[in-house]
**Student:** 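Below is the structure I would like to discuss, written out as structure tokens.
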Number of protein chains: 2
Amino acid sequence: MSVEQLVTAALALADEQGLAAVTTRALAEKVGISAMSVYTYVPGKPELLDLMVDAVYLAMPRPSWRSRSWRTRLTRVAESNRDLLRAHPWLTEVAALSRPPLGPGVMAKYEHELAAYDGTGLGDVDTDAALSYLLGFVQAHCRAAHDAARASTDSAVSDADWWAANQPILARAFDPETYPRAVRIGSAAGQAQGSAWDADRAWRFGLARTLDGLAALIDRPPAPRGG
Amino acid sequence: MSVEQLVTAALALADEQGLAAVTTRALAEKVGISAMSVYTYVPGKPELLDLMVDAVYLAMPRPSWRSRSWRTRLTRVAESNRDLLRAHPWLTEVAALSRPPLGPGVMAKYEHELAAYDGTGLGDVDTDAALSYLLGFVQAHCRAAHDAARASTDSAVSDADWWAANQPILARAFDPETYPRAVRIGSAAGQAQGSAWDADRAWRFGLARTLDGLAALIDRPPAPRGG
DNA sequence: TCATACATTGTACAGTGTACAACGTACGGA
DNA sequence: TCCGTACGTTGTACACTGTACAATGTATGA
């Protein structure tokens, strides 16, 4: 038995059955030891979670940044983080931005993603802030997407059905005179997307906005010809 | 006893001692009934949380949108949501974007914040997406800020001390040759902010980027003089 | 006065993380 | 070869969670 095997087993549990399935007893049974023996290898549950985070970070692909355009590079950063959070939805419940577990995985991920900002002309502090900002968007999006998916799965009624079923009730309960925009825009958005929230559309919208926001910092404002 | 009193008591517990302190037994004791009597007024814990969310939304201030500038209006939307999440940090652990609890508080908040987009020229679907995007940023920021604050509080060692103490160890463990950017930018950011993560700075940075990103959609690209 | 309905309650169960003490065993020194 | 020590492993136990269930009180309408 080793720490690595424990972490691998814990990852399998979390990926397959969610973070709540990662219990001391379940993990112990999966690797064939008693519950308390887990504490031989790991001081406690928080440390186990730290190790899980560092492990999945370490396993991320790190392609070289060959593209000249910073937008392309940052898009790849965002997409690879989205892929990661899709594969391990429990990350959004665990990953902390401040005081991250300073393991090799965290460091390697940080270094690689900072490198995507090479050539943007940003200073050190701004680069760090810009990366945090980008990752914050990805995390917020994936958390929302995960919540939405879980809501659809748990209740066995699809998002579209739920929306269709509730819409008439809502229309009656909340008359358009007190909530004109909410009723109009809410049903417009719901109808356009076939649900109350469309993950792909939100992703494209949010990523475009995020990159445009960074562009205002990176591609200097076009001081027209004489600045 | 009434549902309102229960929700009020639950809010007090959550605000003062965190969401984990909102247990059936603690809530029951606070209002002077038995644990199981809680189920007379509320079907279960999830419904209680929904009611708590709707209650704090309903209590938010809703000033009229007199400002002409959409940037000013959206800034106010962001700030009032930040204030809300500061006063009730547990909201970041509960509030779901999809399928929100459709109570009067949620509706009133939605309506009021949609109104801030009046005059931006955005269509219904884009308005909804833009609002979700803005609120997503605020929520991500406040979650990070809350995590950072909790890390400082829990461990009794201030963020600056922790950073100062770990920095030499990190410098030795992770040599600048394998992680050049991470070491340089990480310590630069840490030094500049006196900690690994500065909430105010991140807020100003993130809000500016978010508004700039929306500006690219709202203030049409300046087709220079002949569009 | 009585039947009915309902608010309230204590008990109980299956879980959680982990403190504690007991146990088996492997290993260094005589 | 024998033994003391150290350590990996384990079962039990505790305080805690949400809530199902059955029993108890109590208020109200006939």
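On a predicted model such as this, the values are computed, not experimentally measured, just so you know. These values consider heavy atoms only, across backbone and side chains, with no hydrogens, waters or symmetry-generated copies. All chains are named by letter (A, B, ...) in the order of the sequence lines, taking the proteins before the strands, and each is independently numbered beginning at 1.
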**Student:** Identify, with sequence neighbours excluded, every residue that meets salt bridge (charged side-chain N to carboxylate O under 4.0 Å, His left out) alongside A/Arg184.
**Tutor:** B/Asp124
**Student:** Write down the protein N/O and nucleotide N/O pairs, taken from nucleotides 24-27 of chain C, whose separation is under 3.5 Å; answer none if there are no such pairs.
**Tutor:**
none

**Student:** Considering residues at least two apart in sequence or located in another chain, which fulfil the ring-ring contact (aromatic ring centres under 6.0 Å, His included) criterion with A/Tyr117?
**Tutor:** none
**Student:** Taking only N and O in the side chain of B/Ser37, is any of them less than 4.0 Å away from OP1 or OP2 of C/dT9?
**Tutor:** yes
**Student:** Expressed in angstrom and rounded to an integer, what is the separation of A/Ile33 atom CD1 from C/dC23 atom C1'?
**Tutor:** 17 Å
**Student:** What are the bounds, 5' to 3', of the part of DNA chain D that sits under 4.0 Å from heavy atoms of chain B?
**Tutor:** D/dT17 to D/dC21
**Student:** Partners of A/Tyr179 by side-chain hydrogen bond (donor to acceptor under 3.5 Å, both in side chains), sequence neighbours excluded?
**Tutor:** none
**Student:** With sequence neighbours left out, what residues match B/Trp65 under ring-ring contact (aromatic ring centres under 6.0 Å, His included)?
**Tutor:** B/His112
**Student:** Quick one: which residue pairs count as a salt bridge (charged side-chain N to carboxylate O under 4.0 Å, His left out) with a foot in residues 103-115 of chain A, not counting sequence neighbours?
**Tutor:** A/Lys109-A/Glu113, A/Glu111-B/Arg181
**Student:** Only counting residues at least two apart or in another chain, list the ones meeting side-chain hydrogen bond (donor to acceptor under 3.5 Å, both in side chains) with A/Thr178.
**Tutor:** A/Asp175
**Student:** Grab the N/O contacts between the protein and nucleotides 15-18 of chain C below 3.5 Å, and write none if there aren't any.
**Tutor:**
residue: C/dT16; atom: OP1; partner: A/Thr23; partner atom: OG1; Å: 3.2
residue: C/dG17; atom: OP1; partner: A/Lys45; partner atom: NZ; Å: 2.7
residue: C/dG17; atom: OP2; partner: A/Thr24; partner atom: N; Å: 2.8
residue: C/dG17; atom: OP2; partner: A/Thr24; partner atom: OG1; Å: 3.1
residue: C/dG17; atom: N7; partner: A/Arg25; partner atom: NH1; Å: 3.0
residue: C/dG17; atom: O6; partner: A/Arg25; partner atom: NH2; Å: 3.1
residue: C/dT18; atom: OP2; partner: A/Tyr39; partner atom: OH; Å: 2.7
residue: C/dT18; atom: OP2; partner: A/Lys45; partner atom: N; Å: 3.2
residue: C/dT18; atom: O5'; partner: A/Tyr39; partner atom: OH; Å: 3.2
residue: C/dT18; atom: O4; partner: A/Arg25; partner atom: NH2; Å: 2.9

**Student:** Taking ring-ring contact (aromatic ring centres under 6.0 Å, His included) as the test, write out the residues that go with B/Phe137, two or more places apart.
**Tutor:** B/Trp203
**Student:** Quick one: does NZ or CZ of B/Arg201 land under 6.0 Å from the six-membered ring centre of B/Phe205, within 45 degrees of the ring axis?
**Tutor:** no
**Student:** For B/Arg73, give me all partners under salt bridge (charged side-chain N to carboxylate O under 4.0 Å, His left out), at least two apart in sequence or on another chain.
**Tutor:** none
**Student:** For A/His88, enumerate each residue passing the ring-ring contact (aromatic ring centres under 6.0 Å, His included) test, keeping only those at least two apart in sequence or located in another chain.
**Tutor:** A/Trp90
